[in-house]
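Everything quoted here is computed from the prediction, not taken from an experiment. Numbers restart at 1 for each chain; the letters A, B, ... are given by sequence-line order, proteins then strands.
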Amino acid sequence: MHRSSIKQLITRLHAQPPYAHTISYSAPHSNALVFSNMLNFFHSQMGAQNDVVTLFAQMQKSGLWPDVFVYPTLIKSVGNEGIVLHAHVLKLGFGCDKYVRNAMMDMYAKCGPIEVARQLFDEMCDKTVADWNVMVSGYWHWGCEVEACNLFDLMPQRNVISWTTMITGYSKVKDLKSARRYFDEMPQKNIVSCNAMLSGYAQNGFAEEAMGLFNEMMNSGIQPNATTWVAVISSCSSLGDPCLAESLVKMLDEKHVHLNYFVKTALLDMHAKCGSLETAREIFDELGVRKNSVTWNAMISGYTRVGDLTSARELFDRVPKRNVVSWNSMIAGYAQNGQSAMALELFQEMAATKDFKPDEVTMVSVLSACGHLGALELGNWVVNFLTKNRIKLSISGYNSLIFMYSKCGSMNDARKVFQKMAARDVISYNTLITGFAVYGHGSEALKLMFKMKDEGIEPDRITYIGVLTACSHGGLLEAGRKIFESIENPGVDHYACMVDLLGRVGKLDEAKILIERMPMNPHAGVYGSLLNACRIHKRVDLGEVAAEKLFELEPQNSGNYVLLSNIYASRGRWEDVERVRKAMREGGVRKTTGWSWVEYGGKMHKFIVGDRSHARSGDIYCLLAELRKKMRNAGYIADKSCVLRDVEEEEKEEMVGTHSEKLAVAFALLVSEAGAVIRVVKNLRVCWDCHMAIKMISELERREIMVRDNNRFHCFSSGQCSCNDYW
DNA sequence: TTAGGGTTAG
C-alpha cells in the first residue's frame, strides 16, 4: 500500500472516534524505517515493552505511521491495545499480509479470547505452518490439550517448531512421558527442541532424566547454549549432588562457556543447594548492581536451608525490591527451622504491608507453623483469611490444611478437608494417616492405606511408617506384622516401627531377634524403641543392652540415660539409678528443659519450668496457690512427680484481667511443670494430680481448652480430656 | 512469522 493512500485512510480515521485519540497524523518528515528498526530492536533484544510503546507514541508525534513490517511487533507489545490495532490493520488493508495476520492471531491466542484466534485461523484460505503452530500453541496456552492434539494431527505439514510446541505443551501439564514420545518421534531435532525437553524435565523434578538427556545431547554433537546450561545446572541443584556440581563447573570452565546472568543465577542456586554456600555468596557479591529479586531470594533460601536464619534475615531486610517470593522464602525459612512463632509474626507483617498479597505458598508455611504450634484458634483464623482473600488452594495447600488440623488434634476437620479434595496425592494420604497414627486410630489409618491403593496411589516409605506407627499406638499387632511383611524393601525406619510395635505389646524377645536379623545397621531409633519397651515392661537385661548401644550412637541424648535410670528405679535398684546419673553428670549430659504452651486469645503462651518471664507470671502463681488449696481439700496431694510450687509472698500481686484468662494461663503453667515430669519419666500416669487440676479448670470454665505438651495435644471439655488414655 | 531460560511450598 502506498504511503499517500495510508495518509488518506488515517485522515478518515481522524473523524471516527475512538481512533481519533490514538493517531495524530501530520506530514512525514523523518524516516519511518529507522523507527521501525528501533521498535524491532527494542522488542526483540530488550523485551522492553514500555520503550516500544513510547517509541510508537513518538512516531505518531513526528507524524509517522509505521510501515507493514512493524505491525507484528506492535501487536505483540501493546497487548489489549492490539484490538484497536486490529481495527487499524483491517482498515489500512494489512489484514492479508501473512506476517501481520499471523502476529494478530498469535495476539489473540496468547491474550485471548482463543476463539477469535480460531476464527481468524478458519477464515484463512492459505494457512502457513506458522499459522497452524500459533493455533496449536494457543490451545496449549489455555490448557486445551485435546484441541491442541487434534489440530496437530490435522496439520498438512509440520516443522521442528510444531513438534517442539507439543513437547512444551505436555511438559506444562507435567506429562513428561507424552512429551518424550513426541521428542523421540520428531524427524529432526535442534537445540531449541532439546532445550524444551530438557527444561520440561528440569522444571518437573525429573532431574535424573534431564541429566541423561544432556549426556545424549553431548554425545550426539548438539552444542549446548545458555538455556541448556540453565536447565542442566538447575537439575543438578535439585539433586543436591556436590560431585555433579563440581563436574559441571569443570565442564563450563573447559568449554569456556560465557556465563550470562541467568547461568550465573542458576549456578548461585546450585552451589547453595549442593553445600557450598560460600561459593554461592561469592557469585552473589560478584553480581554487584546486577542483582535482582531472584538472586536475593535464592541467596536467602540458601541461608535458610542450612538453618542460618540470621544471615537470611539480614539479607531479607536489605532486599531493595522485595516480592512475594522474598517474603515466602523468609517465612518458610522460619517455619522449617522450628521458628513457627517468627514465621507467623513475619506473615502478619506481610499482611499488614498491603503491598504484597500472600499466596498459596505463603499459606502453606503459615498453616505448617500453626500446626507445629498446635494453634487451632490461629489455624481457623488462617482458614478464614484464605476465604476472605480468595486464595485458591492446590493439592499442596489442602495438604497443609490437613497437616494443621491433624497436628492440632482436630482429626474430624482434617478428615473433612481430605474428603472435600477433588484430587489427592500420596502426601494427602500420608498426612492424614500420620495424624490418625499419632492419636492411636489404627483402623482408620489402615482403611486409608487400602483406599489409596484402590485409587491407584502407591503407598511410599512414609505411608508405611505412618501405618506401622498407627498399629503400634493402636496395639494392632497382627495387622502391623502383615503390613511389615508386605513392604518390598523395608528401610531402617520400618524396622524401628516394628520393634516399637513388638516392644509395646510385650514381645521384647521377638523384637530383639528382629533387630539381630536386620540387613542394615540399626540406628538410634531402633534401639530407642527397644529401650522404651523395656521401660514399659520393666526389662532390665534388654534395657541395658539397648542403652549401651544408644550411649555409643548418641552420647549426648539425656533421654536414654533417664529411661535406663527409670527401668532400674522400677525394680528398686537405686544404686544403679545413682550410677547412671553419675555417668550422666560426668559425661556432661544435661537434661533438656521441659516446656509447653497454650493458645489463648489468639496468642501462644510458652512456659519453661521455673520461668517467670511471662507477663502474667504474678497472676499465674496466685492462681496456682488457689488450685493447690482446692486440690488438697479435694484430697489430692501433690507429690514429687508433680511439682506444684509454693507461691512466694511478693508474687501475690493484685489480680489483673479476667478470671478465665488467668485460669487458662495458670493451667498452662501447671501443664508446663508437669511437662518436665512427662519428659523425664515418660510415664504420664504420675501426673494424675495435674490431670485433676486441669479437669477442675475446664469444669469451672465450662468450655473447651486446648493444650499441647511436647509430644501430644489435649483437648479438655467440661472436665473431659479427649486423650484419656494418655493420662 | 511460529518453539526453549533462573527463585519459593507439603
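Contacts between residues 120-139 of chain A and DNA chain B, counted as heavy-atom distances below 4.0 Å, involve A/A130, A/N133, A/V134. For DNA chain B, the neighbouring residues in residues 299-315 of chain A, judged by any heavy atom under 4.0 Å, are A/S301, A/R305.
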Report the C-alpha distance between A/R158 and A/M155 in whole Å, list the side-chain angles of each, state the deciding distance to 0.1 Å, and finish with yes or no for side-chain contact (heavy atoms from CB on, under 4.5 Å). CA-CA 6 Å; A/R158 303 176 185 115; A/M155 283 175 83; 4.0 Å; yes
Would A/R424 and A/E455 count as a salt bridge (charged side-chain N to carboxylate O under 4.0 Å, His left out) here? Give the steps. CA-CA 10 Å; A/R424 307 173 185 110; A/E455 284 189 11; 3.4 Å; yes
A/F284 and A/H271: CA distance, side-chain angles, deciding distance, ring pair (Phe, Tyr, Trp, His ring centres under 6.0 Å) verdict: CA-CA 11 Å; A/F284 179 80; A/H271 285 299; over 10 Å; no
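Between A/K273 and B/dT8 there is a side-chain N or O to OP1 or OP2 distance below 4.0 Å.
The distance from atom CE of A/M270 to atom P of B/dG6 is 15 Å, rounded to the nearest whole Å. One interatomic measurement links the two molecules: CG of A/L259 to C1' of B/dG6, which rounds to 14 Å at whole-angstrom precision. The distance between atom NZ of A/K110 and atom P of B/dT1, rounded to the nearest whole Å, is 14 Å. Between the OH atom of A/Y334 and the C1' atom of B/dT8 there is a distance of 16 Å, rounded to whole Å. Atom C1' of nucleotide B/dG5 and atom OH of A/Y261 are separated by 13 Å, given to the nearest angstrom. In this structure, A/E360 atom CD and B/dT8 atom P are separated by 16 Å, rounded to whole Å. Atom P of nucleotide B/dT2 and atom CE of A/M186 are separated by 17 Å, given to the nearest angstrom. In this structure, A/L213 places its CG atom 16 Å from P of B/dG4, rounding to the nearest Å.
Residue A/N292 is in base contact, counting any heavy-atom pair closer than 4.0 Å across all strands shown. Contacts of A/N190 with the nucleic acid, taken as non-hydrogen atoms under 4.0 Å apart, include base atoms. Looking at heavy-atom distances under 4.0 Å, A/D269 makes contact with sugar-phosphate atoms alone, never a base. Across all strands, A/K189 comes closer than 4.0 Å to no nucleic acid atom at all (heavy-atom distances). If you check every strand for non-hydrogen atoms under 4.0 Å, A/F403 touches nothing. In this structure, A/A332 reaches the sugar-phosphate backbone alone: every heavy-atom distance under 4.0 Å involves primed, P, OP1 or OP2 atoms, never a base. A/T168 comes within contact range of the sugar-phosphate backbone alone, with a heavy-atom separation under 4.0 Å but no base atom that close. Base engagement by A/D425 is indicated by at least one non-hydrogen atom pair under 4.0 Å involving a base atom.
Taking CD1 of A/I283 as the reference point, atom CG of A/D269 lies at 10.0 Å (rounded to 0.5 Å).
With B/dG10, B/dT7, B/dG5 as the choices, the nucleotide that has an atom nearest any side-chain atom of A/V230 turns out to be B/dG5. Relative to the side chain of A/Y99, the nucleotides B/dT1, B/dA3, B/dT8 differ in distance, and B/dT1 lies closest. Of the candidates B/dG6, B/dT2, B/dG5, the closest approach to any side-chain atom of A/N260 belongs to B/dG5. Side-chain proximity of A/S234 to the nucleotides B/dT7, B/dT2, B/dA9 is greatest for B/dT7. Side-chain atoms of A/I161 lie closest to B/dT2 of the nucleotides B/dG10, B/dT2, B/dT8. Residue A/Q203 places its side chain closer to B/dG5 than to any other of B/dT8, B/dG4, B/dG5. Side chain of A/A298, nearest nucleotide from B/dT7, B/dG6, B/dG10: B/dT7. Closest approach to the A/V294 side chain among B/dG10, B/dT8, B/dG6 is made by B/dG6 (side chain taken as heavy atoms from C-beta onward). You'll find that the side chain of A/N102 is closest to B/dT1, out of B/dT1, B/dG5, B/dG6. The side chain of A/I395 sits closest to B/dG10 out of B/dG10, B/dT7, B/dT2.
At least one cation-pi condition fails for A/K420 and A/Y398: the charged atom is not both under 6.0 angstrom from the six-membered ring centre and inside a 45 degree cone around its axis.
Ring geometry, A/F356 versus A/W327: the interplanar angle falls from 30° to 60°, so the pair is classed tilted.
Sparse packing is recorded around CD of A/E208, with 12 or fewer heavy atoms of other residues, nucleotides or ligands lying under 6.0 Å away. The 12-atom threshold is exceeded at NZ of A/K357, counting heavy atoms of other residues, nucleotides or ligands nearer than 6.0 Å.
If you run salt bridge (Lys or Arg N to Asp or Glu O under 4.0 Å) between A/R180 and each of A/E209, A/E216, A/E185, only A/E216 comes through.
A distance-only check finds no donor-acceptor pair linking the side chain of A/S137 to the backbone of A/N133 [under 3.5 Å]. Distance alone, capped at 3.5 Å, is enough to place a donor-acceptor pair between the A/S326 side chain and the A/N323 backbone.
The base of B/dA3 is not paired with the side chain of A/N159 by any donor and acceptor separated by under 3.5 Å. A/N430 contributes no side-chain N or O that forms a donor-acceptor pair with the base of B/dG10 under 3.5 Å.
Checked against a 6.0 Å centroid threshold, the rings of A/F152 and A/W163 count as neighbours.
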